[in-house]
Amino acid sequence: MADRLDFLTGNVVQVARRLLGCMVVRELDGKRLIGKIVETEAYHQSDAASHSYNGRTPRTEVMFGPAGFWYVYFTYGMHYCMNVVTGQEGEGSAVLIRAIEPISGLEYMREHRRGVEGVNVTNGPAKTCQALAVDKQYSGHAVTKAPLRLIAGPAQPDDGIVATTRIGITKDTHRLWRFYCKDNPFVSRP
DNA sequence: CGGCAGATACGCT
DNA sequence: GCGTATCTGCCGT
């Protein structure tokens with residue numbers, strides 16, 4: 001199964017496309033929460049919008065390590081966002097998971113989200129982390145290991161993927177490095 | 001339902 | 001000190 005995640009060592013933009021349709025599996029208190037990735041963004045050290053742009057720091061160190069680890073950061077004083085580290089060791093690149101579609105354990109995701117309904121449970125990067133109860137402690141953990149795993153899914157056809165500019169950044173805003181599953185209702189912003 | 005202000009704490013200069 | 005890969009609630013239509 002780990003073989004199927006070999007694509008993570010590739011180019012971050014290609015990996016961001018390939019991650020659409022993959023599953024995040026979160027095990028918690030004997031429960032299993034599963035979400036399908038429906039929206040991603042690519043970040044690379046050559047890109048001024050990336051946390052890795054200014055070089056290695058204690059926080060961003062994991063981005064420069066080998067592919068296949070989670071990079072989770074805290075922002076805006078209250079939110080977490082989760083990324084998958086990609087590329088070669090020494091290269092600061094990662095893909096932000098911006099939204100998932102709940103597949104299993106929706107009722108527990110809703111509890112974590114204080115009872116919000118419908119698409120609002122997971123249609124954003126911080127919402128996704130809150131729904132899956134993911135915080136900074138998972139930064140640096142392997143994506144192949146419980147209780148937070150990534151499972152490869154089928155590659156999406158090119159005509160099912162929409163590419164746009166990234167959200168919430170102020171630098172390198174022209175790059176079309178945001179990807180989402182066309183017509184999926186859990187996408188944060190069409 | 002669309003736009004905007006406020007929350008809130010961490011990492012880095 | 002300051003800016004932040006966001007969300008929520010409150011205001012207006």
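Worth knowing before you read on, the calculation uses all heavy atoms, side chains too, and leaves out hydrogens, waters and symmetry mates. Chain identifiers are assigned alphabetically (A, B, ...) following the order of the sequence lines, protein sequences preceding nucleic acid strands; residue numbering begins at 1 within each chain.
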Indicate whether OP1 or OP2 belonging to dA5(C) is found under 4.0 Å from a side-chain N or O atom of R178(A).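 R178(A) to dA5(C) OP1/OP2: no side-chain N or O under 4.0 Å.
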Classify the nucleic acid contact of R189(A) as base, sugar-phosphate or nothing, counting any heavy atom under 4.0 Å across all strands shown.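 It contacts nothing in the nucleic acid.
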Closest approach of [X] and [Y], non-hydrogen atoms and distance?
| X | Y | result |
| --- | --- | --- |
| P125(A) | C81(A) | CB-SG, 3.8 Å |
| Q45(A) | G92(A) | OE1-N, 2.6 Å |
| W70(A) | V84(A) | CZ3-CG2, 3.5 Å |
| S46(A) | D172(A) | O-OD2, 4.3 Å |
| L132(A) | V24(A) | CD1-CG1, 3.8 Å |

Please map the stems of DNA chain B, keeping only stretches of three or more Watson-Crick or G-U wobble pairs with both distances under 3.5 angstrom.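 Ordered by first number, the stems with DNA chain B (at least 3 consecutive pairs each) read B:1-7 with C:6-12, B:9-12 with C:1-4.
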Verify the distance criterion only: is there a donor paired with an acceptor across the side chains of S188(A) and E39(A) at less than 3.5 Å?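 Yes, E39(A) and S188(A) have a side-chain donor paired with an acceptor closer than 3.5 Å.
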Quick one about T122(A) and T128(A) (side-chain donor to acceptor, distance below 3.5 Å, no hydrogens or angles considered), yes or no?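 Not at all, the side chains of T128(A) and T122(A) share no donor-acceptor pair under 3.5 Å.
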E41(A)/R166(A) under salt bridge (charged side-chain N to carboxylate O under 4.0 Å, His left out): CA gap, chis, key distance, verdict: CA-CA 7 Å; E41(A) 282 178 3; R166(A) 294 170 292 178; 5.3 Å; no
Side-chain donor/acceptor of [X] to backbone N/O of [Y], under 3.5 Å:
| X | Y | value |
| --- | --- | --- |
| S93(A) | H44(A) | no |
| W177(A) | V12(A) | no |
| T60(A) | T57(A) | yes |
| R98(A) | T40(A) | no |
| R32(A) | S104(A) | no |

Would you please test R26(A) and Y138(A) for side-chain hydrogen bond (donor to acceptor under 3.5 Å, both in side chains) and show each step? CA-CA 11 Å; R26(A) 170 74 163 115; Y138(A) 293 104; 3.3 Å; yes
Got more than 12 heavy atoms from elsewhere within 6.0 Å of NZ, K31(A)?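 Correct, the count exceeds 12.
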Could you give me the CA-CA distance, side-chain angles and deciding distance for E27(A) and R149(A), then say whether salt bridge (charged side-chain N to carboxylate O under 4.0 Å, His left out) is met? CA-CA 9 Å; E27(A) 273 133 350; R149(A) 290 164 17 234; 3.0 Å; yes
Where along residues 38-77 of chain A does a heavy atom fall under 4.0 Å from DNA chain B?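 Heavy-atom contacts with DNA chain B come from T57(A), P58(A), R59(A), F74(A), Y76(A), G77(A).
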Expected output is a numbered-order residue list: members of residues 82-111 of chain A with a heavy atom under 4.0 Å from any atom of DNA chain B. What is it?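 Here the set is empty: none.
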Between residues 114-125 of chain A and DNA chain C, which residues have a heavy-atom gap below 4.0 Å?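 G124(A), P125(A) - these, ordered by number, are the residues of the stretch whose heavy atoms sit under 4.0 Å from the strand.
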Of all of residues 165-176 of chain A, which get a heavy atom below 4.0 angstrom from DNA chain C, listed by number?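 I167(A), G168(A), I169(A), T170(A) - these, ordered by number, are the residues of the stretch whose heavy atoms sit under 4.0 Å from the strand.
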Under a criterion of less than 4.0 angstrom to any heavy atom of chain A, what are the 5'-terminal and 3'-terminal contacting nucleotides of DNA chain B?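 The footprint of chain A covers dA7(B) to dC12(B).
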Please name the residue in the list H141(A), E61(A), M82(A), H51(A) that meets the side-chain contact (heavy atoms from CB on, under 4.5 Å) test with Y71(A).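 The single option meeting the side-chain contact (heavy atoms from CB on, under 4.5 Å) with Y71(A) is H51(A).
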